[in-house]
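Report on the structure given below.
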Amino acid sequence: MSTLDWGNIGFGYIKTNINARANFKDGEWSELQFTDSEYINMHISTTCLHYGLQCFEGLKAFRGVDGKVRLFRVEENAKRMQASARKLCLPEPSVEMFTKACVEVVKQNIDFVPPYESGASLYLRPLLLGTKIDLGVKASKEAMFLVFCSPVGPYFKGGMTPIKVVIDRIQDRAAPRGTGDVKAGGNYASSILSGEKAHTMGYANVMYLDAAEHKYIEECGAANFFGIKDGTYVTPKSPSILPSITNKSLRQLAEDMGLKIEQRPVAVTELGEFSEAGACGTAAVISPIESIYDLDTNELVTYGKEVGPICKALYDGLRDIQYGRTEDKYGWIIVVE
Ligand SMILES: *Cc1c(COP(=O)(O)O)cnc(C)c1O
C-alpha cells in the first residue's frame, strides 16, 4: 500500500503507476496499451488543442468495508462519453473498451486505492481527444482515448458541511442548443470567470441559469441541483444540463424512500419553497446547500447550516452501496478485486 496521507491529499493530481490508451485511426480503435508515462506526444496542429474537440468523464473506485475494490456505474460513464463523442463528431469508444480500461487502470494501481477508513477514493479520468492534425474546423477522424487515475481525499473532512451558493448572471454555462448536455471541456472554460468571482466573494459555487431567459435553474457549479419539497425530489430539466449519474442514482434512492420525483423546469422564484437543497455529483455525492444569494435581485434563500434529513439519508444510501455496506440491488457496482 502506498504511504500517502490519505485524509489530507485533497483533489489534485498524484502520480500513479499506469495509465491506459488507445488510438482511433483508419476507422478503428487500436488495442488498449498500458504505460507508466505521464505524457502524450502531440503535434502542434492537433485539433483538440485549437478547437476544443475533446470530452472527458469522471468516476471513482472505492475500497469497501470488506476490503474489496468497487467501481461505481462505469457503464453509465461509458454511455455518456459515447453521447459526448457523437455530439462533438469524435469517434466513440465502445462500452467494452471503456470499461476494460477503467477496470485495468484500477487493478494496475490497486496500491493507490485508499483504505476504507480514510474516506478517500481513487478518481478515474477517462479522456477523449480529437487528434487529427489540421488547421480547418472540421470533425476529427482520429482520436486518442485514455484513462488515468489519481487518489483523491474525502470531499468533506469532518462531516458534510452545507455550502453557500451565489446566482450570478455575468456568465452562462451553456446555451440551449450548445454542448451543456455533454461533458466537453469547453463548458468548463465558460464557467471559470464566474467561478473565480464567486470564490473571491466567499461563495463555494455559482448557480447557473438558463441562457435564454435567466429564469430557470440549470446547474450548481459542475454539479446538478435538486430541492426537496413536500415529499418530492425536484430536479431541473433542460437541454443544457449535464445528465449527472449521481443525480440519476439519487432519484432511484429517493423513489425507494417513498419520495415522488419531478424532473421539470425549476424557476429561481421556486427556490424559497424547498425545505432542503443540494448540489450532486461524483466529487461529493451531495453538497448540501446552506443558502443561495441572488446578486441581481439581492434575494437570499436560506436552508440552514445543518444537513437536512433527506439529504443525509440520500447521501448515506449512496455511500453504503459504494462502500459495500449494503446490497447492490441495481447492479451499479463492478467488484474489481
Ligand atoms: C460531471 C458533471 C456533473 C456531475 O455528474 P456525475 O455523473 O454525477 O459526476 C454535473 N454537472 C456538470 C456540468 C458536470 O460536468
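Read the numbers this way: they start at 1 and go in the same order the structure lists the ligands and their atoms. If you're wondering where the values come from, they're calculated on a predicted model, not measured in any experiment. Count residues from 1 along the sequence.
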Option from L124, N19, V106 for which side-chain contact (heavy atoms from CB on, under 4.5 Å) with V147 holds: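 Of the listed options, the one satisfying the test is L124.
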Examine Y116 together with Y323 and report whether their ring centres are nearer than 6.0 Å.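 Here the rings of Y323 and Y116 have centres that are less than 6.0 Å from each other.
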Run the ring-centre check on Y123 versus F11 and record whether the distance is less than 6.0 Å.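 Ring centres of F11 and Y123 closer than 6.0 Å.
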Salt-bridge criterion met for [X] and [Y] (N-O under 4.0 Å):
X: E218; Y: R173; value: no
X: K215; Y: D210; value: no
X: E270; Y: K229; value: yes

Could you list which atoms of ligand 1 come closer than 4.0 Å to a heavy atom of [X]?
X: N224; result: 10 (C), 11 (N)
X: R80; result: 5 (O), 6 (P), 7 (O)
X: L242; result: 1 (C), 2 (C), 3 (C), 11 (N), 12 (C), 13 (C), 14 (C), 15 (O)
X: R173; result: 13 (C)

Interatomic distance, L129 atom CG to T46 atom OG1 [nearest 0.5 angstrom]: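 One gets 9.0 Å once the value is rounded to the nearest 0.5 Å.
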Look at the side-chain heavy atoms of Ile, Leu, Val, Met, Phe, Trp and Tyr, link any pair under 4.5 Å apart, and say whether I170 and Y208 land in one connected group.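 Looking at the clustering, Y208 is in a separate group from I170.
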Applying the 4.5 Å side-chain criterion to the ILVMFWY set and letting contacts propagate, would F56 and F145 be lumped into a single cluster?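 No, because F56 and F145 fall into different hydrophobic clusters, even though each may have its own neighbours under 4.5 Å.
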[atom] [closest protein heavy-atom partner, distance rounded to 0.1 Å]:
atom: atom 2 (C) of ligand 1; answer: K183 NZ, 2.6 Å
atom: atom 9 (O) of ligand 1; answer: T282 OG1, 2.5 Å
atom: atom 3 (C) of ligand 1; answer: A222 O, 3.5 Å
atom: atom 11 (N) of ligand 1; answer: E219 OE1, 2.6 Å

Which ILVMFWY residues are connected to V268, directly or by a chain of links, through side-chain heavy atoms under 4.5 Å apart?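 Besides V268, the cluster holds I163, V165, I167, M207, L209, I217, F225, V234, V266, L271, F274, I289, I292, V301, Y303.
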Does K248 come within less than 4.0 Å of ligand 1, judged by its heavy atoms?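 Not so, K248 does not reach ligand 1.
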Min heavy-atom dist A223 to ligand 1 below 4.0 Å: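 The answer is yes, since A223 has a heavy atom less than 4.0 Å from ligand 1.
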Between E76 and ligand 1, find which residue part has any heavy-atom pair under 4.0 Å and reply side chain, backbone, both or neither.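 Neither; nothing of E76 gets under 4.0 Å from ligand 1.
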Which is it for S244 and ligand 1 at heavy atoms under 4.0 Å: side chain, backbone, both or neither?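 The answer is both.
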Polar atom proximity, [X] to ligand 1 (N or O, under 3.5 Å):
X: T246; answer: yes
X: I245; answer: yes
X: N77; answer: no

